[in-house]
Structure formats: structure tokens, C-alpha cells
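I have placed the structure first, in the form of C-alpha cells, so that the comments after it can refer back to it.
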Amino acid sequence: MLAFLLAPSLLSALITCTAAAAVCKPNKDTCKLDGLSIEGLPSTLPVPTLPLSYVAAAIGVQNYTCSAAGNYSSIGAVAELYDISCLGGSKLFTTIQDRLMGLWEDAPNGLTAQKLVSSYTQTKANTVLGDHYFVPNPSGKGGLSPKWDFTSTGSTKRNKNAFVIVEKVGGATAPTGKQDVDWLATKSVSGGLAGLVYRTDTRQGQPPASCVPGQSPNIQVKYASKYWFFGGSVHHK
Ligand SMILES: *[C@@H]1O[C@H](CO)[C@@H](O)[C@H](O)[C@H]1NC(C)=O
Ligand SMILES: *[C@@H]1O[C@H](CO)[C@@H](O)[C@H](O)[C@H]1NC(C)=O
């Protein structure tokens, strides 16, 4: 019900895409990744050396726990990704993370990113690319590793290789300020979805500055961003 009520606002946020022309249908030949590249990459992050395979917008949460030092430390994230390759060259491509963050911030408590995204995708098939979440480090060293999983939807559905688990290569304070989670460069340690994954254009997602050890519960902080996938053996159709 809530998802249904939200659908019009989400649709209006993305309507430019429909109005722009038939080019706004993911998984069609008219959607091109050519000419798309990360704008404003901080000089402390390595320039990606592989061809672009996917570009996504995401909304989700960053999870934190209160450390003994009295500040929050990251314990993972969950997000829903969808294809924005068809917005390439449009103004909406540049601002999509702001539009999404606005909708996500205004969404009622209990409405998941998945429901918010599906309220839009009900009317436009094949837009969702997949999910981002954390899994045990595949090396067995302990801890959690970021994973992007495109195996359950769209043209990569049931492709067992359409995932990537990564390790961090570099991070940089968001050019938009410290209220936004860092931009990241990561590289694949498992899976065929990509050789490199970058997080850019972040909005929000940072924890409060301090917490009370032993008292403050774990928290989830909403965020939006873009994710860029380079290389890999699973390609955008
Ligand atoms: C938390 O505080 C400790 C001690 O001051 C510091 O070393 C650490 O970097 C802080 N962690 C975060 C996530 O800010
Ligand atoms: C992060 O929080 C979400 C929402 O509560 C939860 O579904 C997910 O399992 C958490 N993930 C991690 C790695 O803590």
C-alpha cells in the first residue's frame, strides 16, 4: 500500500527518462555505456583501467555499531541497485542520487529500499540490476566483504557468475562533504560481474559523531550513491 502511494512521486522523479524518448529502456540496444565515465574522481583514487560494464544508482542503508572508543564503526550495508545507463548524457544522470535520496529520506519508516524501488519497477520491467550486501570474507580471514549480486533479476537472472565480492583499493572523502559516505575504489576477489567496482556520488550515510559504548544500539543510516562496474565476464545487454 505504501509502495503504491509512493509510486507517483518516484515515477515523476524518473519521468524525464520516459519523456526523453524510447532510449530509456534498459536492456535495449539504444542504451549505451559508451561515453559514460566517472565525473570528478578524487585524485587519491586510481583511475579505472577496465571498460565500463554497468552503471547503477542505489539506495540503501549503511550499518554501524558502537565501538569501545565511543564512535560508530561500519558493519556493512544493504542496498538496491538499478540501471541508469539509459540516462547517460541527461541531466537526470548527474542528479539521480539527489532525487533518490530525497524520496528515500521521505519514505515512511518500515518501507524498504527494495519496496521503494519496486514501486517504480512495477511499471518498468528490467530496471533493477540487483542487490548489494555483505558476506563473510571469502578468504576465510574473518570479517565481512562487500558483495553485489545480480543473479536474481533482469537479464542476468540465474547466471551464477553474475556477482562480485571485493576488497578495498582506496577511499576518499566525498567531494560534496563529510556528511556523505566516502567514495570508494574496490577490486574483485570473487565472481564474474566486474573486475573493479567504484562507489561515487554518495549522499548521506554517515553515522552520528559519537555513541555510548555498551548502550547505543546498532544503527542503520540511509544513503544513496552511484555504483560503477568495470570489466568482468558478465555484460550489459
Ligand atoms: C573511533 O575513535 C578511535 C579512537 O579515537 C579512532 O582511532 C578511530 O579512527 C575512530 N573510528 C571512526 C570510524 O571514526
Ligand atoms: C544491515 O542492516 C539491514 C537492515 O536492518 C539488515 O537487513 C542487514 O542484515 C544488515 N547487514 C549487516 C551486514 O549488518
Side-chain angles (χ1 to χ4, degrees), residues 38 41-42 44-46 48-50 53-54 56-81 104 112-114 129-153 156 159-174 178-234:
I38 298 173
L41 188 70
T44 49
L45 293 180
T49 49
L50 298 170
S53 314
Y54 292 93
I59 52 173
V61 293
Q62 295 286 326
N63 297 1
Y64 297 97
T65 195
C66 188
S67 73
N71 56 16
Y72 283 102
S73 63
S74 173
I75 50 164
V78 181
E80 184 87 350
L81 276 73
W104 189 211
T112 62
Q114 207 158 17
L129 287 174
D131 303 305
H132 171 44
Y133 52 94
F134 279 61
V135 293
N137 186 325
S139 72
K141 278 188 235 154
L144 295 175
S145 298
K147 177 175 178 177
W148 289 267
D149 183 347
F150 290 7
T151 62
S152 58
T153 189
T156 51
N159 179 339
K160 289 195 176 70
N161 209 26
F163 76 92
V164 61
I165 301 173
V166 301
E167 66 183 25
K168 188 170 164 179
V169 174
T173 305
K178 288 198 164 155
Q179 73 285 350
D180 300 326
V181 286
D182 287 358
W183 289 27
L184 293 176
T186 72
K187 68 172 187 196
S188 172
V189 294
S190 180
L193 185 61
L196 302 167
V197 183
Y198 280 58
R199 179 176 75 190
T200 72
D201 301 272
T202 52
R203 296 293 182 269
Q204 307 296 328
Q206 294 282 29
S210 64
C211 56
V212 184
Q215 284 187 34
S216 301
N218 291 352
I219 57 168
Q220 286 87 38
V221 184
K222 288 180 176 181
Y223 82 108
S225 73
K226 286 193 180 95
Y227 286 104
W228 304 75
F229 299 82
F230 300 93
S233 54
V234 177

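- Within the 4.5 Å cutoff, the side chain of K222 has no heavy atoms near those of the I59 side chain.
- Between S225 and V181, the closest side-chain pair of non-hydrogen atoms is not below 4.5 Å.
- With hydrogens and angles ignored, the 3.5 Å screen pairs no side-chain donor or acceptor of N137 with any backbone N or O of L144.
- For T156 (side chain) and F150 (main-chain N/O), a donor-acceptor pair under 3.5 Å exists by modelled atom type.
- Between Y227 and Y223, the ring planes lie perpendicular to each other; the angle is over 60°, past the 30° to 60° tilted range.
- A distance of 12.5 Å separates CG in D182 from OG1 in T200, rounded to the nearest 0.5 Å.
- In this structure, CG on N218 lies 9.0 Å from SG on C66, to the nearest 0.5 angstrom.
- Judged as a salt bridge (charged side-chain N to carboxylate O under 4.0 Å, His left out), not a single pair has a partner in residues 57-68 (not counting sequence neighbours).
- The shortest heavy-atom contact between C211 and S67 is SG-N, 4.2 Å.
- Residues Y72 and S216 form a side-chain contact, since some pair of their non-hydrogen atoms from C-beta on lies under 4.5 Å apart.
- Side-chain atoms of S145 do not come within 3.5 Å of backbone N or O of I165 as any donor-acceptor pair.
- Residues W104 and V61 are in side-chain contact: their nearest non-hydrogen atoms beyond the backbone lie under 4.5 Å apart.
- Not one N or O on the side chain of T151 forms a donor-acceptor pair closer than 3.5 Å with the backbone of A162.
- Between G171 and L184 the shortest heavy-atom distance is CA-CD2, 4.0 Å.
- Under the 3.5 Å distance criterion, the side-chain polar atoms of T202 are left unmatched by any main-chain donor or acceptor of W183.
- The two residues S188 and G191 make their nearest non-hydrogen contact at OG-O, 3.7 Å.
- The closest side-chain heavy-atom distance from P48 to L41 is below 4.5 Å.
- When each of W228, F229, F230 is checked for a ring-ring contact (aromatic ring centres under 6.0 Å, His included) with Y198, only F230 meets the rule.
- In terms of heavy-atom proximity, Y64 sits nearest to G205 at OH-O, 2.5 Å.
- Shortest non-hydrogen contact noted between L196 and T49 is CD1-N, 3.8 Å.
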Discussion item. Go through it in stages, so that I can follow the logic: the residues are Q114 and D131, the test is side chain to side chain contact (heavy atoms under 4.5 Å, CB included), and I'd like the CA-CA distance, side-chain angles, deciding distance and then a yes or no.
Written reply: CA-CA 9 Å; Q114 207 158 17; D131 303 305; 4.1 Å; yes
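- Shown here are the side-chain contact (heavy atoms from CB on, under 4.5 Å) partners of P146, two or more places apart in sequence or in another chain: H132, F134, W148, V166.
- By the 6.0 Å contact criterion, NZ on K147 is enclosed, its count of non-hydrogen atoms from other residues, nucleotides or ligands being greater than 12.
- Q206 places a side-chain N or O within 3.5 Å of a backbone atom of D180 that can act as its donor or acceptor partner.
- Side chain of E167 to backbone of V189: no donor-acceptor contact under 3.5 angstrom is found.
- Atom CZ in R199 sits 10.0 Å away from atom OG1 in T186 (nearest 0.5 Å).
- Atom CD in Q204 sits 11.5 Å away from atom CD in Q62 (nearest 0.5 Å).
- Nearest approach of V234 to S53, heavy atoms of both residues: O-CB, 4.5 Å.
- In this structure, the side chains of T112 and E80 stay at 4.5 Å or more apart for every pair of heavy atoms.
- Here N63 contributes atom CG and I219 contributes atom CD1; the two are 9.0 Å apart, rounded to the nearest 0.5 Å.
- Using a 4.5 Å cut-off on side-chain heavy atoms (C-beta onward), S190 and F163 make contact.
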